[in-house]
Number of protein chains: 4
Amino acid sequence: MPKTKTRIQKKNEATILAAGLEVFSQYGFRGSTLDMIAEVAGLSKPNLLYYFPSKDAIYKTLLAQLLENWMKPVYAIDAGGDPVAEILKYAKLKLRMSQDFPRESRLFANEIIQGAPQIGEVLHGELRRAIVDLAVVVNGWVATGRVRPVDPYHLVFSIWSLTQHYADFDVQVRAVMGGTDPMIGAEQHLEDMLRQLLTV
Amino acid sequence: MPKTKTRIQKKNEATILAAGLEVFSQYGFRGSTLDMIAEVAGLSKPNLLYYFPSKDAIYKTLLAQLLENWMKPVYAIDAGGDPVAEILKYAKLKLRMSQDFPRESRLFANEIIQGAPQIGEVLHGELRRAIVDLAVVVNGWVATGRVRPVDPYHLVFSIWSLTQHYADFDVQVRAVMGGTDPMIGAEQHLEDMLRQLLTV
Amino acid sequence: MPKTKTRIQKKNEATILAAGLEVFSQYGFRGSTLDMIAEVAGLSKPNLLYYFPSKDAIYKTLLAQLLENWMKPVYAIDAGGDPVAEILKYAKLKLRMSQDFPRESRLFANEIIQGAPQIGEVLHGELRRAIVDLAVVVNGWVATGRVRPVDPYHLVFSIWSLTQHYADFDVQVRAVMGGTDPMIGAEQHLEDMLRQLLTV
Amino acid sequence: MPKTKTRIQKKNEATILAAGLEVFSQYGFRGSTLDMIAEVAGLSKPNLLYYFPSKDAIYKTLLAQLLENWMKPVYAIDAGGDPVAEILKYAKLKLRMSQDFPRESRLFANEIIQGAPQIGEVLHGELRRAIVDLAVVVNGWVATGRVRPVDPYHLVFSIWSLTQHYADFDVQVRAVMGGTDPMIGAEQHLEDMLRQLLTV
DNA sequence: TATGAATGAGGATTCATTCAT
DNA sequence: AATGAATGAATCCTCATTCAT
């Protein structure tokens, strides 16, 4: 019999994942406790473990979901489109994701900083393949003189690091900028930087 | 009489701090245990606490040391020097620090991601002041047409995020780049990017 | 919705408090361990902490309960009654409490000897007020010649010290008296002493 | 070679015992730490253990010294003297000891409350013998009508408990009496009480 | 004689997980 | 589907004592 999930089941799983994201993204895996997650979820601790077999399972489910969304934008780059426009589209999408899903970003950052124990394989597999493919495209653009000569890998790192910085280092960004909203100038700067870097 | 530290004392404190850095930078404060640190330090757990009153004290000492080194480069920027050269000098220094002290960088990243519970004040105080001062300098350069118009804050974030990315996201960087040494192209790219962004 | 306690909850809390009283009254707060209390209670150590948040909480709960019962007898003294009879009634009540609740008495004694870190405020507040009020009554009796001139405070100390002596110094009392039951002559002596002291 | 103690040895042993008394009397045996004692003594912890083999040894030495002084007054009672005067002399001596050596009193109280693990034997031996002898004397006085009929044991307990109360329950006594010095009325009351109780 | 260094044996408390209902 | 009850395995920290000098 195929396990069809009831409405309540779906709702609670979603609630737990949301709570898990909230907590894990701030305190990391080991720094988070089921009590915290249960508190945020508004459920009892044993009830959490009724829906997920373990703390680990919640964390892994979150990471899996995250990776899916994390990879999507790369595939949206159109090798046939205008180079600068395509890169900018990608970069802005990344920036918006950092704005809209800062907790996901921090969850990811925590996982990577700790050596990617859970998602190491994905990094070496799917992610690497996607970026290698992208590098071929970019190198093609460079070879045909459509963009300035640029290392595709470091280009990607620039985009990743800066966009995620606004989410992951939010506290520092806000501390440094005082009351100013960081996001106001962020996109402008990102676009300017990439245009200068890429436009021939 | 000023308590002069024994040779053994100095050695062991250094050993413990090194071990603490190793462990805290990877697992964060809550994810690290005194057992791990003792293991790495090659000392017994109570002996750790003979030199430092608590786990917290080790962590705070590390952060304090870190902050000191972290702030230095900013102050080395010479308002009277060549704008692009000064910014480049700073950026390259930062990059080298990430290369040479990746654990310090990750320790810092962990602290910030978790909301900077320990160093929040420094961020709002000394760090903010330093960057505000730097912004004045950069804005001066912009106003006199010596560099392209850039937002000083986002310029700084670009430098910070990219340079630290190589340390904090090392696993991902290496996964994506396969066998290639990330550092070979990193400085080149950093310089290119900043020159394009800043040169009028 | 008021948290109504389960039957099990009530039972276990009572069990723990009884065990805590047993242990704390003999070894004092610092000399007692959760292991001892768990052993006596027949519960696991973490289970103790499931019902009470800390060792301290068990101790404080016990002291709070104790103080309530400890204060009651004072309030039962009727200013309008026969002076000697009222004092005797109070003294005998105290004596019976020492007999029936020797552990409570020792718990109290331990707390006081160590400087009353927990209940210092109650001593300066409620207890002092009660005894000051009592002193007024006794002084009234003295002034109207209904009892011999006595210092109300030292009268109270006499009653407290002697009655509690049988509980707190039980070992010594029994050692000195050999096989004789201390309580047989105790009440007799107490009554005789107070009558001689008070009767005009 | 007979171990003759050097001057420094004597001095340090005395210092340690004084510090031990200070600490043990307040926190009890298990509640006291060598660190506390070392702190009070102004000596290093290992140095303490150079003079005394263990924490236990310090405690036992203190108790032994204490018992010696504690027993003396009883022997000073003169069976041939005036009954009331002799009892009063004894009681006042006890009171003065409580005033002058409150820490000794509390140390003793702590030991007894905890079941007299160290000095149980002395209580059953020397102390019991002394009080039994005293009882014979008092009973003689009673038989010959020189004092009112009193139970010698409970008489002794009255004296012990009240006099020690001022030392052991000092905090409570002072709390109840407010600013008044407890000792001013104490002796007066003690004398009055005993005279009333004993005088035919 | 004195003390800096070191540690094994606790001791309070936390936490993921299991059990019973 | 939900939760009160329970616990073994940590985890931070304390402390009497030992060791080396």
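Any value given below was found using the heavy atoms of this structure, including those in side chains, with hydrogens, waters and symmetry copies removed. In the text below, chain A, chain B and the rest are named by the order of the sequence lines, each starting its count at 1.
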Would you classify F52(C) as touching base, sugar-phosphate or nothing, given that sugar-phosphate means primed atoms plus P, OP1 and OP2, and contacts are heavy atoms under 4.0 Å?
nothing
Contiguous Watson-Crick or G-U pair runs (3 or more, under 3.5 Å) in DNA chain E
E:2-21 with F:2-21
Heavy-atom distance under 4.5 Å between the side chains of F24(A) and I58(A), does that happen here?
yes
Categorize L43(A) for me: base, sugar-phosphate, or nothing, with a 4.0 angstrom heavy-atom threshold over every strand shown.
nothing
4.5 Å side-chain heavy-atom contact, I119(C) and H124(C)
no
To the nearest Å, give me how far apart CZ (F29(A)) and C1' (dC15(E)) are.
12 Å
What is the distance, rounded to the nearest whole Å, between atom CZ of R7(A) and atom C1' of dA1(F)?
15 Å
Let me know the distance between NZ of K11(A) and C1' of dA2(F), rounded to the nearest Å.
13 Å
Between dG4(F) atom P and K10(C) atom NZ, what is the distance in whole Å?
16 Å
Give every donor-acceptor pair under 3.5 Å between a side-chain atom in residues 47-54 of chain D and any protein atom, sequence neighbours left out.
unit_1: Y51(D); atom_1: OH; unit_2: N12(D); atom_2: ND2; d: 2.8
unit_1: S54(D); atom_1: OG; unit_2: D56(D); atom_2: N; d: 3.4
unit_1: S54(D); atom_1: OG; unit_2: A57(D); atom_2: N; d: 3.1

Please confirm whether the backbone N or O of A19(A) pairs with a side-chain atom of E22(A), one donor and one acceptor, at under 3.5 Å?
no
Do the side-chain N or O atoms of Y50(D) get closer than 4.0 angstrom to the phosphate oxygens (OP1, OP2) of dA2(E)?
no
Per atom distances to the Y51(D) side chain, the nearest of dA2(E), dC13(F), dA5(E) is dA2(E)
Whichever of L49(D) and S44(C) has its nearest DNA chain F nucleotide further upstream toward 5':
S44(C)
Protein-nucleotide distance (L48(C), atom CG; dG8(F), atom C1'), rounded to Å:
16 Å
Between protein and nucleic acid, restricted to nucleotides 9-11 of chain F and to nitrogen or oxygen atoms under 3.5 Å apart, what atom pairs and distances do you find?
unit_1: dT11(F); atom_1: OP1; unit_2: R30(A); atom_2: NH2; d: 2.9

Closer than 3.5 angstrom, by distance alone: can the side chain of D168(C) be matched with the main-chain N or O of A109(C) as a donor-acceptor pair?
no
Just by distance, do the side chain of K45(D) and the backbone of E39(D) share a donor-acceptor pair under 3.5 Å?
no
Report yes if at least one side-chain N or O of N47(A) is closer than 4.0 Å to OP1 or OP2 of dA1(F); otherwise report no.
no
Return the minimal non-hydrogen interatomic distance between Q172(B) and L123(A), and the atom names on each side.
CA-CD1, 4.0 Å
For a quick check of understanding: with a heavy-atom distance under 4.0 Å over all strands, which category does N12(B) fall into, base, sugar-phosphate or nothing?
sugar-phosphate
Considering only dA5(F), dT13(E), dT1(E), which nucleotide approaches the side chain of I8(C) most closely?
dA5(F)
Describe, in one word, how the ring planes of W70(B) and F108(B) are oriented to each other, choosing from parallel (under 30°), tilted (30 to 60°) and perpendicular (over 60°).
tilted
Rounded to whole angstroms, how far apart are CZ on F24(B) and C1' on dC12(F)?
11 Å
When you look at CD of Q65(C), are more than 12 heavy atoms from neighbouring residues, nucleotides or ligands closer to it than 6.0 Å?
yes
Write down the distance between CG (D56(B)) and C1' (dC12(F)), rounded to a whole number of angstrom.
11 Å
Is it true that, when you exclude Y27(D) itself, more than 12 heavy atoms of the residues, nucleotides or ligands shown sit nearer than 6.0 Å to its OH?
no
Atom pair distance, as rounded to whole Å: OH in Y27(D) and P in dT14(F):
16 Å
